[in-house]
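If you're wondering where the values come from, they're calculated on a predicted model, not measured in any experiment. Count residues from 1 along the sequence.
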Amino acid sequence: MNVSDLQALQFVIAAEGQAALATPRALSQYLGISSASTTKLLDRLTASGHLERHPHPTDRRALVLTCTAHAHDEIHARLARMHARMREIAEAVPVESRKAVVDFLTAMADQLDSEGSVAPLSP
């Protein structure tokens with residue numbers, strides 16, 4: 001699974017978590033890829049059992065994307081490993097240095113927020 005595949009799954013899972021409808025068009029816009037590339041990505045994720053396409057409830061021409069239980073399990077497993085490693089790294093920071101690290105990260109996040117360079121996760 002490549003980065004675009006993971007980002008697509010994260011997008012759909014985020015939409016599901018917000019009770020929003022994830023559509024191929026919204027996904028295409030989110031990823032910044034063409035509709036043809038989106039179709040190939042969706043074909044791949046559908047064939048691998050990660051995504052399902054369903055008719056849109058109000059627009060006959062549109063589809064709604066949902067993640068399968070398999071996708072949720074795989075994303076959860078990947079994130080659980082990553083989060084465990086991140087915890088190990090954080091715990092390795094000496095106690096006396098933690099405030100400086102927090103201040104640094106907060107200042108960097110504030111700067112990114114002020115520049116508007118952080119893309120929203122929701123559709």
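Atom NE2 of His76 has 12 or fewer heavy atoms from other residues, nucleotides or ligands within 6.0 Å. The number of heavy atoms from other shown groups lying within 6.0 Å of CZ (Arg98) is above 12.
With sequence neighbours excluded, the residues that form a salt bridge (charged side-chain N to carboxylate O under 4.0 Å, His left out) with Glu91 are Arg87.
No side-chain donor from either of Ser35 and Thr38 sits under 3.5 Å from a side-chain acceptor of the other. Inspection of the Thr23 and His56 side chains reveals no N or O donor paired with an N or O acceptor under 3.5 Å. If you check the side chains of His50 and Ser48, you find a donor sitting under 3.5 Å from an acceptor. Side-chain polar atoms of Glu88 and His83 form no donor-acceptor pair below 3.5 angstrom.
Hydrophobic clustering of Ile, Leu, Val, Met, Phe, Trp and Tyr side chains at less than 4.5 Å, counting indirect connections, keeps Met86 apart from Val93. Grouping the Ile, Leu, Val, Met, Phe, Trp and Tyr side chains by contacts below 4.5 angstrom, directly or via other members, places Val95 apart from Val102. Taken together through direct or relayed side-chain contacts under 4.5 Å among Ile, Leu, Val, Met, Phe, Trp and Tyr, Met82 and Leu105 form parts of separate hydrophobic clusters. Under the 4.5 Å side-chain heavy-atom criterion for Ile, Leu, Val, Met, Phe, Trp and Tyr, Leu51 and Leu79 are members of the same hydrophobic cluster.
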Do Thr106 and Asp110 pass the side chain to side chain contact (heavy atoms under 4.5 Å, CB included) test, and can you show the C-alpha distance, the side-chain angles, and the key distance before you say yes or no?
CA-CA 6 Å; Thr106 300; Asp110 289 346; 3.8 Å; yes
Output, in order, the C-alpha distance, side-chain angles, deciding distance and verdict of side chain to side chain contact (heavy atoms under 4.5 Å, CB included) for Ile33 and Ser4.
CA-CA 10 Å; Ile33 60 176; Ser4 294; 5.5 Å; no
I'd like to know whether Arg78 forms a side chain to side chain contact (heavy atoms under 4.5 Å, CB included) with Glu74, so could you lay out the CA-CA distance, the side-chain angles of the two residues, the decisive distance to 0.1 Å, and finally the verdict.
CA-CA 6 Å; Arg78 286 175 184 247; Glu74 188 168 330; 3.3 Å; yes
Could you walk me through whether Leu27 and Leu65 pass the side chain to side chain contact (heavy atoms under 4.5 Å, CB included) check?
CA-CA 9 Å; Leu27 178 61; Leu65 308 171; 4.0 Å; yes
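Applying the 4.5 Å side-chain rule to ILVMFWY residues, one finds that Leu63 remains a lone member of its cluster.
Closest heavy-atom contact between Gly49 and Thr68: O-OG1, 2.5 Å. For the residue pair Val64 and Pro55, the shortest heavy atom distance occurs at CG2-O, 4.2 Å.
For the pair Leu9 and Cys67, the minimum side-chain heavy-atom distance is below 4.5 Å. Residues Leu41 and Leu45 meet the side-chain proximity criterion, which asks for heavy atoms closer than 4.5 Å.
Between atom CZ of residue Phe104 and atom NZ of residue Lys99 there is a gap of 14.5 Å, rounded to the nearest 0.5 Å.
Applying the salt bridge (charged side-chain N to carboxylate O under 4.0 Å, His left out) test to pairs two or more places apart or on separate chains, those with a residue in residues 45-56 are Asp43-Arg53.
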